[in-house]
Amino acid sequence: MDCEKDTILITGGTGFIGSHVCYFFLKKGFNVVSLDSLVNSSKKVNKNIDNLLLSEGYEATGNLKFVKGDIRNKDLLRCVFNDQLKKNKPISSVIHLAGLKSVKQSKLNALDYWSNNVCGSINIFNVMKEFKCNSIVFSSSATIYGISENPLIKENEEFKPQNPYGKTKATIEKILEDIFEESYKSMRISNLRYFNPIGAHPSGMIGESPNTTPENLFPYILQVACGRQKELNIYGNNWPTHDGTGVRDYIHIMDLAESHYLALIHLINNKPQILNLNIGTGIGTSVKELVNIFESVNKCNIPFVYKDRRDGDVSICVADNSYSKKVLGWIPRRNIQDMCKDGWKWMSKFPNGF
Ligand code: NAD
Ligand code: UDP
C-alpha cells in the first residue's frame, strides 16, 4: 500500500524520541501532526527538523503541523482529528509517544503518572475509535519486564514492572489488548518495547533536550562532558555483572526511529493484528564500559563517583531482538561508538538544549 501523503498523528512529537520519529516520517513523505504539551520539550525543535530536512534536499517544510496540547484534553484531541477531516487529510494512524518517563518521579507522584500516561492514552484510544482510526504504534518500554532470569529477554517474558512508570506502560499494553478484542480483532496495533535509546541525529541538529536535569545515564554523561554537571554518579559497583555496574541494551535513536516507520508499514500492509516487539540491539553494555567508550570516542574525561544502587534498578536488561528483525526486516545498524559520537555532536552544538 502506498502510504506517502498519509497523515499521521505523533503524540509527544517534540520530545527526544518524537522529534527523531517526526523527522523520519517526514522524510518518507508523510504529513505529520505533532502534538505535545511541551512539559518536557521545546517547540523550537520543529524549526530544526525543517532545517535538517531542507539541508538534506527534502522539500518537506509545511508537512509538519505542530499543536501544543495535552493528551488528557479529549476535546482538543477531537478538534485535532476533526480539523484534519475537514481538510480532507484525515489522520490514518497514530504514533503514541507522549508520556512521563522518570522512574524516580513516578514513585514520588504515582497518581500523576497514572493520570498522564494511562488516562491520556485512554483518551487517545477513545478519540481514535470515534474517528475510525485503527492503526497505532505505541511506545512501550523494556521496564515492563522488570527483573528477568534470562540473559536475553523475549517478548513472551512475564511482565514484572518494578515501579509505577513501568506499571503504567504494562497497563496501557493490557488496555490495547482488550481494545483489540473489543474491535473484533480489526485494529492494527504495535507495542514497541524500547530498551535504552541514546545518541542523536548524526548532524547534531536534533537530540535530547529535557526541561529538567536528566535522570537517565546517557543524557547525564553528556551534561558532565559539557560541564553542566560536575561528575557522574554510578549507581552501584556490586551488581552481578562482569564489572559490577549495571548492564543495558543501548540503541541508536535513528535505528529506533526507523523501527516506528517499519512497524507502521508492516501494520498497514498486513492483516489486523497486535504486535509486540523488542526494540534493542541485543548487545549489553555496562555503565563503566559506556563511560570508557564515550571518553575514548570523544577524547574527553567523565569524572565519576560510585554511589549506592538506585532503588528499583535491575542488574541486566538486554533484548532478544530476533522477532523484530524477522517480522520487520529491521536491522539496528549503528554501534555504541556511533551513539557516543552523535550524542556528543548534538551536545557540542546545543550545550544548553533548545
Ligand atoms: P521525552 O520526555 O523527551 O518525550 C515525551 C514527550 O511527551 C515530551 O515532549 C513531553 O512534553 C510530552 N508529554 C508528556 N506528557 C504529555 C501529555 N499529557 N500530553 C502531551 N504531551 C505530553 O521522552 P522520550 O525519551 O522521547 O520518550 C518518549 C516515549 O517513549 C515516552 O512515552 C517514554 O515513556 C517512552 N520510552 C522512553 C525511553 C527512553 O529511555 N527514552 C525508554 C522506553 C520508553
Ligand atoms: N545510571 C547511573 N547513573 C546515572 C543514571 C543511570 O549509574 O546517573 C545507571 C543505572 O543504574 C542503570 C544504567 O545506568 O544501570 C541505565 O540507567 P537509565 O536510567 O539510563 O536506564 P534504565 O535504568 O531505565 O534502563
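As a basis for the values below, the full set of heavy atoms in this structure was taken, side chains included, without hydrogen atoms, waters or symmetry mates. Read the numbers this way: they start at 1 and go in the same order the structure lists the ligands and their atoms. Computed from a predicted model, the values in this text were never measured in an experiment.
Annotation for ligand 1: atoms under 4.0 Å from non-hydrogen atoms of Asp70 are 17 (C), 18 (N), 19 (N), 20 (C). The Ile234 neighbourhood of ligand 2 comprises atoms 7 (O), with distances under 4.0 Å to a heavy atom of that residue.
At least one N/O-N/O distance between Ile71 and ligand 1 falls below 3.5 Å. For ligand 1, the polar-atom distance check finds no N/O of Asn196 at less than 3.5 Å from any of the ligand's N/O atoms. The distance criterion of under 3.5 Å between nitrogen or oxygen atoms is met by Lys169 with respect to ligand 1. For ligand 1, the polar-atom distance check finds no N/O of Pro197 at less than 3.5 Å from any of the ligand's N/O atoms. Looking at ligand 1, you'll find an N or O of Ile17 within less than 3.5 Å of one of its N or O atoms. Where the criterion is an N or O separation shorter than 3.5 Å, residue side chain and backbone included, Glu208 fails it with respect to ligand 1.
In this structure, Tyr250 is part of the shell of residues with a heavy atom less than 4.0 angstrom from ligand 2. Residue-ligand proximity: Arg193 is placed with every non-hydrogen atom at 4.0 Å or more from ligand 1. Using a 4.0 Å heavy-atom cutoff, Asn216 is absent from the residues neighbouring ligand 1. In this structure, Ser140 is part of the shell of residues with a heavy atom less than 4.0 angstrom from ligand 1. For Gly69, the heavy-atom gap to ligand 1 drops under 4.0 angstrom. Ligand 1 lies nowhere less than 4.0 angstrom from a heavy atom belonging to Gly120.
Here Leu38 has backbone heavy atoms under 4.0 Å from ligand 1, and that is the only part of it that gets that close. At a heavy-atom distance under 4.0 Å, atoms from both the backbone and the side chain of Asn40 approach ligand 1.
For atom 3 (N) of ligand 2, the candidate residues are Leu217, Asn233, Thr285, Val103; the nearest heavy-atom contact is made by Asn233. Nearest to atom 35 (C) of ligand 1 by heavy atom, out of Phe138, Tyr165, Tyr113, is Tyr165.
Nearest to atom 10 (C) of ligand 2 among the protein's heavy atoms is Asp313 OD2, 3.4 Å. With hydrogens left out, the protein atom closest to atom 5 (C) of ligand 2 is Glu215 O, 3.4 Å, a heavy atom. Asn196 ND2, 3.1 Å is the protein heavy atom nearest to atom 21 (O) of ligand 2. Among all non-hydrogen protein atoms, the one lying nearest atom 17 (O) of ligand 2 is Arg310 NH2, 3.4 Å. Protein heavy atom nearest atom 24 (O) of ligand 2, with residue, atom name and distance: Asn216 ND2, 4.2 Å. Counting only heavy atoms of the protein, atom 1 (N) of ligand 2 lies nearest to Tyr235 CD1, 3.7 Å. Taking atom 12 (C) of ligand 2 as the reference point, the nearest protein heavy-atom neighbour is Arg248 NH2, 3.6 Å. When only non-hydrogen protein atoms are considered, atom 9 (C) of ligand 2 lies nearest to Val287 CG2, 3.7 Å.
Salt-bridge formation is detected for the pair Lys101/Glu208: a Lys NZ or Arg NE/NH1/NH2 atom is positioned less than 4.0 Å from an Asp or Glu carboxylate oxygen. Here Lys154 pairs with Asp320 in a salt bridge; the nearest charged N to carboxylate O distance falls below 4.0 Å.
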Step-by-step side-chain hydrogen bond (donor to acceptor under 3.5 Å, both in side chains) determination, Tyr220 to Gln229: CA-CA 8 Å; Tyr220 204 92; Gln229 304 290 339; 3.2 Å; yes
Run the numbers on Lys47 and Asp50 for salt bridge (charged side-chain N to carboxylate O under 4.0 Å, His left out), then give the verdict. CA-CA 5 Å; Lys47 188 86 200 134; Asp50 268 350; 5.7 Å; no
Would you please test Lys345 and Asp338 for salt bridge (charged side-chain N to carboxylate O under 4.0 Å, His left out) and show each step? CA-CA 10 Å; Lys345 178 133 188 210; Asp338 298 326; over 6 Å; no
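Under the 3.5 Å distance criterion, with hydrogens and angles disregarded, no donor-acceptor pair is assigned to the side chains of Tyr165 and Lys169. A donor-acceptor pair shorter than 3.5 Å cannot be found between the side chains of Asn278 and Asn321.
Both the sub-6.0 Å distance and the 45° axial angle are satisfied by Lys174 relative to the ring of Phe159.
Under the 3.5 Å distance criterion, the side-chain polar atoms of Thr241 are left unmatched by any main-chain donor or acceptor of Ile316.
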